[in-house]
Enquirer: 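Have a look at this one.
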Amino acid sequence: MDLGVELLNITTGGNRVAVIGQKTASLLGVHSSDRIKITYGVKTVVAITNIAEHFAENRIGLFEETETALGISSDERVGVELASLPESLFNIRAKLHGERLREKEIVAIVRDVVDRRLSTVEIAGFLTALSIHGMGMSEFEALSRAMILTGKTLDFGRGPILDKHSVGGIPGDKTSMLVVPIVAAAGFTIPKTSSRAITSPAGTADRVETLCPVSLAIEEIQEVVKKTGGCLVWGGSLELAPADDLFIQVEYPLGIDPMLLPSILSKKKAIGATHVVIDIPTGLGAKIKTRQEAYTLASDFLELGQRLGLNIQCALTFGDQPLGCGIGPALEAQEALSTLMGAGPPDLREKAVSLASMLLDMVGVDNPRNTAENTIDSGKAEKKMREIIEIQGGNPKIKPTDIPIGPHHATVRSKQAGRVLWMSTESIVRIARMAGAPKEKGAGIVFHAKLGDTVRKDGVLFEIYAEKNTKLEAALELAEQLTPIGLSRKPEEKMVIDTIPEKITHEKAFMIDR
């Protein structure tokens, strides 16, 4: 059937979608969510159908993704017919019944996800099946290879190519901003592609963007790495394992994360990494709660890495409180730069040096700990970071105080004297995001007290910064509700942390940042 085109100028954020009226759908034998094949000249795309009650007959409305794929203008005519179901849909149904999938079946699913042949509902079905039934290591390997196969890869020439990645879960973890210049200053290649925040107050790309541009093309990244040995860039526009970004869009609202292993390692393999340190923050405030859970995850990383030809080491790191004192893109960038300059909080320096030492040890550096510490103490790491900032398009002379933070701020004080017994990282994340982070880069929190610290009555616990006064007020109100820091003179004086259900004020947060 030939139909006239109407461009809707609406994006779906992923799927290729087309709209037709009820009468046209009846003539085509199409139901809502069926696939239709749209032909324009020599181009053919498959789109998912939405049926609108009052849409004009003999017309088809194209969302922007479908329009772009066809390269079409309004009022052109296209051929439309019912398309067959993709084979991968039957593979998804098999997984929903708990069956193991073979490599070719997993490749078919991933390819159809990247080609936008599966609807959000069908992708959700696949991810839900993975969450319920799990995957064997052979399936993880096949999924990782399929995600690499359907995207671009980078080649930086002769190795080794080093990388570091955190599974996420604690706010303030800006260690990549130190590990990259430390390793690069030691003479090794470390091209770091990072994500933006999904559920946290800041991702590495959000932090670095306060210093320099992070949305670089592949050719620009290769030039930066060639000149400096490292980079700190956003990976979202590079199409490295692009299926992962599409999976994350569905995982987030469902509150599940079955793709953690292949998501991380497929991108490491795609960027050409040979040696990778995986940071697994572990503790009650982190995504990974117990050491046993962390050991199991680390074992899986090691096995999958071996199958993919990656040399992996895992670090189980302290996850019961935020790292450093600053939370939020600009505040964290200030803190990272200060630490490279010889100041900054000791826990941030210690973690960064430890992770960098692991990478240096993996490639045979003698006395790796001393090497990592000397790059900071000698100023080499700071110099390297400023080189990266300059070549990525930022100001190499920037000082921590030059990074703008929110003009509106308020102080939260202790209502009693005591020692900090616990910190709720979940509540801290919620408060920082209510203040405007990460979208408003000057928003966030600065802590004046952390675990073990003694605080007097009316002493400062933390400060909240915001770019808008309304956001500051909302964050202060939330801080009063959540009580993110617990104090007591002695542990036995405060044995009840909360009561249920009378004091439930929010649903449990879901952390997916990686």
Side-chain angles (χ1 to χ4, degrees), residues 166 168-175 177-178 197 200-202 206-207 210 281 283-286 317-339 343-352 400-401 403 405-406 408-438 440-467 471-472 474-488 497 509 511:
S166 173
I170 61 168
D173 197 348
K174 70 281 291 180
T175 47
M177 295 182 69
L178 282 78
S200 71
D206 301 308
R207 301 170 185 120
T210 66
L284 293 178
T317 57
F318 187 73
D320 280 336
Q321 66 177 345
L323 184 64
C325 298
I327 311 296
L331 292 165
E332 294 186 45
Q334 284 185 341
E335 199 165 75
L337 193 55
S338 294
T339 305
D347 60 340
L348 174 57
R349 174 184 165 118
E350 168 59 28
K351 183 172 180 178
T401 52
I403 303 169
I405 59 174
H408 304 283
H409 78 279
T411 300
V412 176
R413 296 181 178 273
S414 173
K415 296 178 182 178
Q416 67 176 76
R419 186 164 55 89
V420 178
L421 292 184
W422 51 265
M423 301 180 75
S424 170
T425 56
E426 179 184 318
S427 297
I428 290 162
V429 167
R430 292 194 67 204
I431 295 165
R433 289 179 70 92
M434 184 64 75
E440 295 170 5
K441 289 187 168 53
I445 298 173
V446 174
F447 286 97
H448 290 256
K450 295 182 69 177
L451 291 180
D453 290 346
T454 300
V455 181
R456 60 180 175 79
K457 186 178 180 181
D458 294 324
V460 178
L461 294 175
F462 57 92
E463 295 175 283
I464 303 174
Y465 288 83
E467 294 185 4
K471 295 283 185 73
L472 177 64
L476 274 171
E477 183 179 345
L478 187 61
E480 285 291 323
Q481 295 174 9
L482 298 181
T483 315
I485 297 179
L487 293 174
S488 182
I497 295 173
M511 294 182 284

Enquirer: Check Val455 against Ala449 and note the closest heavy-atom contact, atom names and distance.
Expert: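 Val455 and Ala449 have their closest heavy atoms at CG2-CB, 3.7 Å.
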Enquirer: Testing Leu487, Asp453, Ile445, Thr411 one by one against Leu461 for a side-chain contact (heavy atoms from CB on, under 4.5 Å), which residue passes?
Expert: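 Considering Leu487, Asp453, Ile445, Thr411, a side-chain contact (heavy atoms from CB on, under 4.5 Å) with Leu461 is found only for Leu487.
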Enquirer: Whether the side chain of Glu350 engages the backbone of Pro346 through a donor-acceptor N/O pair (distance < 3.5 Å, no angle test) should be reported.
Expert: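 Not confirmed, Glu350 side chain does not pair with Pro346 backbone.
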Enquirer: Please examine the side chains of Ile170 and Pro322, heavy atoms only from C-beta on, and report whether any two atoms are closer than 4.5 Å.
Expert: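 They are not in side-chain contact.
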Enquirer: Atom NE2 of His409 and atom CD1 of Ile464: how far apart are they, to the nearest 0.5 Å?
Expert: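 Here the interatomic distance stands at 11.0 Å.
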Enquirer: I'd like to check Pro484 versus Ile431 (side-chain heavy atoms, cut-off strictly below 4.5 Å). Are they in contact?
Expert: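 When only atoms from C-beta onward are counted, Ile431 and Pro484 do touch, with a gap below 4.5 Å.
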Enquirer: Does Trp422 form a side chain to side chain contact (heavy atoms under 4.5 Å, CB included) with Gln321? I'd like the steps, not just the answer.
Expert: CA-CA 8 Å; Trp422 51 265; Gln321 66 177 345; over 6 Å; no
Enquirer: Can you give me the closest heavy-atom contact between Thr339 and Gly344, atom names plus distance?
Expert: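 Looking at all heavy atoms of both residues, the closest pair is OG1-CA, 3.4 Å.
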Enquirer: Please check: side-chain N/O of Glu463 versus main-chain N/O of Ala410, any donor-acceptor pairing under 3.5 Å?
Expert: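 Answer holds: no.
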Enquirer: What's the shortest heavy-atom distance between Gly444 and Ala435, and which atoms?
Expert: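 That closest heavy-atom pairing would be N-CB, 4.4 Å.
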Enquirer: Please report the shortest heavy-atom distance between Pro345 and Cys325, naming the atom on each side.
Expert: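 So the two residues come closest at CG-N, 4.3 Å.
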Enquirer: For Ser200 and Pro438, which heavy atoms make the closest approach, and how far apart are they?
Expert: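 What the structure gives for the nearest pair is O-CD, 3.9 Å.
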Enquirer: Hey, what do you get for CD1 (Ile428) to CD1 (Ile485), rounding to the nearest 0.5 Å?
Expert: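 Between atom CD1 of Ile428 and atom CD1 of Ile485 there are 6.0 Å.
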Enquirer: Any donor-acceptor pair under 3.5 Å linking the side-chain atoms of Glu467 with those of His408?
Expert: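 Side chains of His408 and Glu467: no pair found under 3.5 Å.
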Enquirer: Pair Leu451, Met423 - check side chain to side chain contact (heavy atoms under 4.5 Å, CB included), show working.
Expert: CA-CA 7 Å; Leu451 291 180; Met423 301 180 75; 4.0 Å; yes
Enquirer: When rounded to the nearest 0.5 angstrom, what is the spacing between CE in Met177 and OG1 in Thr175?
Expert: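 OG1 of Thr175 is found 10.5 Å from CE of Met177.
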Enquirer: Where the side chain of Lys174 meets the backbone of Leu323, is there a donor-acceptor pair that is under 3.5 Å apart?
Expert: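 Yes; at least one donor-acceptor contact below 3.5 Å.
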Enquirer: May I ask you to say whether Lys415 pairs ionically with Asp458, meaning some side-chain N is under 4.0 Å from a carboxylate O?
Expert: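 No salt bridge links Lys415 with Asp458.
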Enquirer: Does any non-hydrogen side-chain atom of Ile327 lie less than 4.5 Å from one of Phe462?
Expert: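 The answer is no, as the side chains (C-beta and beyond) never meet within the 4.5 Å cut-off.
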Enquirer: Any side-chain to backbone donor/acceptor pair from Glu335 onto Gly326? Under 3.5 Å, distance only.
Expert: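 The answer is yes, because a donor-acceptor pair under 3.5 Å joins these two groups.
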Enquirer: Just by distance, do the side chain of Lys450 and the backbone of Gly324 share a donor-acceptor pair under 3.5 Å?
Expert: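 Between the backbone of Gly324 and the side chain of Lys450 there is a qualifying donor-acceptor contact (under 3.5 Å).
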Enquirer: Got a donor-acceptor contact below 3.5 angstrom from the Asp206 side chain to the Ala197 backbone?
Expert: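 Between the backbone of Ala197 and the side chain of Asp206 there is a qualifying donor-acceptor contact (under 3.5 Å).
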Enquirer: Can you tell me how far apart NZ (Lys471) and CZ (Arg433) are? Round to the nearest 0.5 Å.
Expert: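 If we round to the nearest 0.5 Å, Lys471:NZ and Arg433:CZ are 11.0 Å apart.
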Enquirer: What distance separates Leu178 CG from Lys351 NZ, expressed to the nearest 0.5 Å?
Expert: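 Between atom CG of Leu178 and atom NZ of Lys351 there are 11.5 Å.
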Enquirer: Looking at Ala202, is its backbone amide N or carbonyl O close enough to the side chain of Arg207 to form a donor-acceptor pair, meaning the two atoms are under 3.5 Å apart?
Expert: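 Yes; judged by distance alone, with no hydrogens or angles, the pair exists.
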Enquirer: Roughly how far, to the nearest 0.5 Å, is the CG atom of Asp173 from the OG1 atom of Thr425?
Expert: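 Here the rounded value is 12.0 Å.
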